[in-house]
Student: 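Before I ask anything, let me first share the structure, which is written out below as structure tokens.
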Amino acid sequence: MDEPHLDVVIVGAGLSGIGAAYHLQQDCTDKTYKIIEARGAIGGTWDLFRYPGIRSDSDMYTLGYSFKPWPHKNAMADGASILAYIQEAADENNITGNIQFHTRLTHAAWSSETQSWTLTLTHSLAGSSQQSASTVRCNILSICCGYYDYAQGYTPDFTGLDSFTGQVVHPQHWPEDLAYQDKKVLIIGSGATAMTLAPALSERAAQVTILQRSPSYVVSRPTQDPIARLLRPLLPHKIVHSIVRWKSIALQQMIYKLSRENPQKLKSKILALTSKQLSADYVAKHFTPSYNPWDQRVCAVPDNDLFEAINQQKVTVITQSIDKFIPQGILLNSGQIIEADIIVTATGLNLVRLGGIDIRVDEQPIDFAQTYLYKGVMYSDVPNLINTFGYTNASWTLRSDLISSYLCRLLAHMDKTQTNTMTPRLQAQHQNMPQRDMLDNFSANYIKRHMQTFPKQGDQSPWTNPQDYKTDKARLIAEPVDDGVLIFSHSK
């Protein structure tokens, strides 16, 4: 029996995968596709993470889809609302029936002879350890499964961890029945997860402590967008959504540009805003990082919830280093002991490149650390592979939306030119470009731990990864797809 053959296989049924399917259905109506999803549900990140208070710190006017206006008043939305939104987008566009759940892509092999990918799929039965395998062929492989490891979050090798007599929890695997009411909860971490968890847990816990090795920038944002609130009674919903979306995009880009051109000015502004909520000494000690804004992500909290919890003495922040775990909690290098019933290790993520898939071209394994990133989307000498990687300095979906539109442009061009293979090739003028990390202006530890395994960028377009929406829109939407670097070819 011949293997099934599809035009496009999408890996991942989260925000990016559902968005890619929508664009294919709208702009490439003659193309066949299937979404491969390793888990048993739509939603990706928003189905995986279930810890208290989980929410987006990007506004939903930009994290949401361009084709589906965000239906709620809250611009900073909780995880359950975002998950329902993704599921609704899939259902109302008849995408759900094209998703193959409990199916993991383990191997992808490109053949220049057949001009196609052969994909090895592993199928798991829900509630069972039994597995089966199958293969499918496709022309285009579109990977939309993000960049971190769903199986396990990152926990440092803490000394004495096993000696702690309480419970240790990582946010990525939050127990549904965790009893934290009237308990002393210690959160280790300084990122968005810690800043989200602390005020949520403080509503029921006896005391919540954030223990951070170094501070992060934290800004408060209104849960409801003020422009949307003003315009909502006056204009149709779609028009309001469009206006606020473009306002938010422009504001994100302006702030990031300021962070590169005048970081001290932006730093002073952020700290001045934080100082309106907390004492100057507290801000200086616990909310003044040593790095510049957007060298790491800036944490956003809705309606001052974290600052209010601190002022009400429900949440305490301690900025010190850990010596070791002890039976009753944690011993700091200063000699101070923090007692806890529950310790939450909000210590970050493990990254995984291209979903951990074994990818080969003509039977040769690809070392992606030796490839160059083409327009932030494809890889040098790897045919017909699209990878969706969003922004670190803006909403993920802004870029995934551009990449989905770009894929449709590529498919249309191949139809017009009767080609079926596209391969980015380094031209002579690019051969001696210096190699830079794929994300070279972003110093977050979870990024630095893994960047050596990721593709590189150069210093010449289209081999750069600027993390800039305006640049990406020009490169992916406005510029011709046939640029002499992306090589299109016919079947043999």
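Atoms considered below: every heavy atom in the structure, side chains included; atoms not considered: hydrogens, waters and symmetry mates. Computed from a predicted structure; not experimentally measured.
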Student: Distance-only criterion, 3.5 Å: show the donor-acceptor pairs between side-chain atoms of residues 268-277 and protein atoms not counting sequence neighbours.
Tutor:
unit_1	atom_1	unit_2	atom_2	d
Ser268	OG	Gln264	O	3.0
Thr274	OG1	Val218	O	3.2
Thr274	OG1	Ile270	O	3.0
Ser275	OG	Leu271	O	2.8

Student: Could you pull out all residues at least two apart from Lys247 that satisfy salt bridge (Lys or Arg N to Asp or Glu O under 4.0 Å)?
Tutor: Asp225
Student: Looking only at side chains, do Gln252 and Thr62 share a donor and an acceptor under 3.5 Å apart?
Tutor: yes
Student: Picking from Trp46, Tyr148, Tyr65, Phe389, what satisfies ring-ring contact (aromatic ring centres under 6.0 Å, His included) with Trp396?
Tutor: Phe389
Student: Yes or no on side-chain contact (heavy atoms from CB on, under 4.5 Å) for Met76 and Arg55, after CA distance, side-chain angles and deciding distance?
Tutor: CA-CA 7 Å; Met76 293 186 69; Arg55 55 169 172 76; 3.8 Å; yes
Student: In terms of relative ring orientation, are His241 and Tyr61 parallel, tilted or perpendicular, with 30° and 60° separating the classes?
Tutor: tilted
Student: Please confirm whether Trp70 and Tyr85 have ring centers closer than 6.0 angstrom.
Tutor: yes
Student: Please state whether the rings of Tyr51 and Phe49 are parallel, tilted or perpendicular, taking 30° and 60° as the class boundaries.
Tutor: perpendicular
Student: For the side chain of Gln467 and the backbone of Thr392, is there at least one donor-acceptor N/O pair under 3.5 Å apart?
Tutor: yes
Student: So, does His170 use its side chain to make a donor-acceptor pair with the main chain of Gln172 at under 3.5 Å?
Tutor: yes
Student: Would Leu178 and Gln167 count as a side-chain contact (heavy atoms from CB on, under 4.5 Å) here? Give the steps.
Tutor: CA-CA 9 Å; Leu178 182 66; Gln167 189 169 0; 3.3 Å; yes
Student: Suppose we call two aromatic rings close when their centres sit under 6.0 Å apart. Are Phe67 and Tyr22 close by that rule?
Tutor: yes
Student: Ignoring hydrogens and angles, tell me if any N or O in the side chain of Tyr150 forms a donor-acceptor pair with the backbone of Thr45 under 3.5 Å.
Tutor: yes
Student: Could you check whether any side-chain heavy atom of Asn311 comes within less than 4.5 Å of a side-chain heavy atom of Leu278, counting everything from C-beta outward?
Tutor: yes
Student: Check whether Tyr180 reaches the backbone of Ala206 with its side chain - one donor and one acceptor, N or O, closer than 3.5 Å.
Tutor: no
Student: For residues 162-172, pull every pair meeting salt bridge (charged side-chain N to carboxylate O under 4.0 Å, His left out), keeping only residues two or more places apart or in separate chains.
Tutor: none
Student: Just by modelled atom types, is the Ala89 backbone N or O under 3.5 Å from a matching donor or acceptor in the Asn93 side chain?
Tutor: yes
Student: Let's go through Ile386 and Ile143 carefully: what are the C-alpha distance in whole Å and the side-chain angles of both, what is the deciding distance for side-chain contact (heavy atoms from CB on, under 4.5 Å) to 0.1 Å, and is it a yes or a no?
Tutor: CA-CA 6 Å; Ile386 302 289; Ile143 299 179; over 6 Å; no
Student: What residues, two or more places apart in sequence or in another chain, satisfy salt bridge (Lys or Arg N to Asp or Glu O under 4.0 Å) together with Arg39?
Tutor: Asp47
Student: Which of these passes side-chain contact (heavy atoms from CB on, under 4.5 Å) with Leu141: Leu105, Ile357, Asn387?
Tutor: Leu105
Student: Apply the side-chain contact (heavy atoms from CB on, under 4.5 Å) test between Trp174 and each candidate in Leu48, Ile54, Leu197; give the one that qualifies.
Tutor: Leu197
Student: Write down the atom of Cys145, the atom of Gly355, and the distance for their closest heavy-atom approach.
Tutor: SG-CA, 3.7 Å
Student: What about Tyr379 and Trp463, are their ring centers closer than 6.0 Å?
Tutor: no
Student: Closest heavy-atom contact between Ile342 and Ala179?
Tutor: CD1-O, 3.7 Å
Student: Below 3.5 Å, can you tabulate the donor-acceptor pairs from side chains in residues 345-354 to any protein atom, sequence neighbours excluded?
Tutor:
unit_1	atom_1	unit_2	atom_2	d
Thr345	OG1	Val169	O	3.3
Thr347	OG1	Tyr154	O	2.6
Thr347	OG1	Thr345	O	3.4
Asn350	ND2	Gln152	O	3.4
Asn350	ND2	Gly153	O	3.2
Arg353	NH1	Thr453	O	2.7

Student: List the atom pairs, donor and acceptor, that lie under 3.5 Å between side-chain atoms in residues 329-338 and the rest of the protein, sequence neighbours left out.
Tutor:
unit_1	atom_1	unit_2	atom_2	d
Ser334	OG	Gln320	OE1	2.5
Ser334	OG	Gln336	N	3.4
Gln336	OE1	Gln320	NE2	3.3

Student: Measure up the Trp294 and Tyr256 rings against each other and bin them: parallel (under 30°), tilted (30 to 60°), perpendicular (over 60°).
Tutor: perpendicular
Student: So that I know where these two stand, are Tyr147 and Phe454 an aromatic pair - ring centroids less than 6.0 Å apart?
Tutor: no
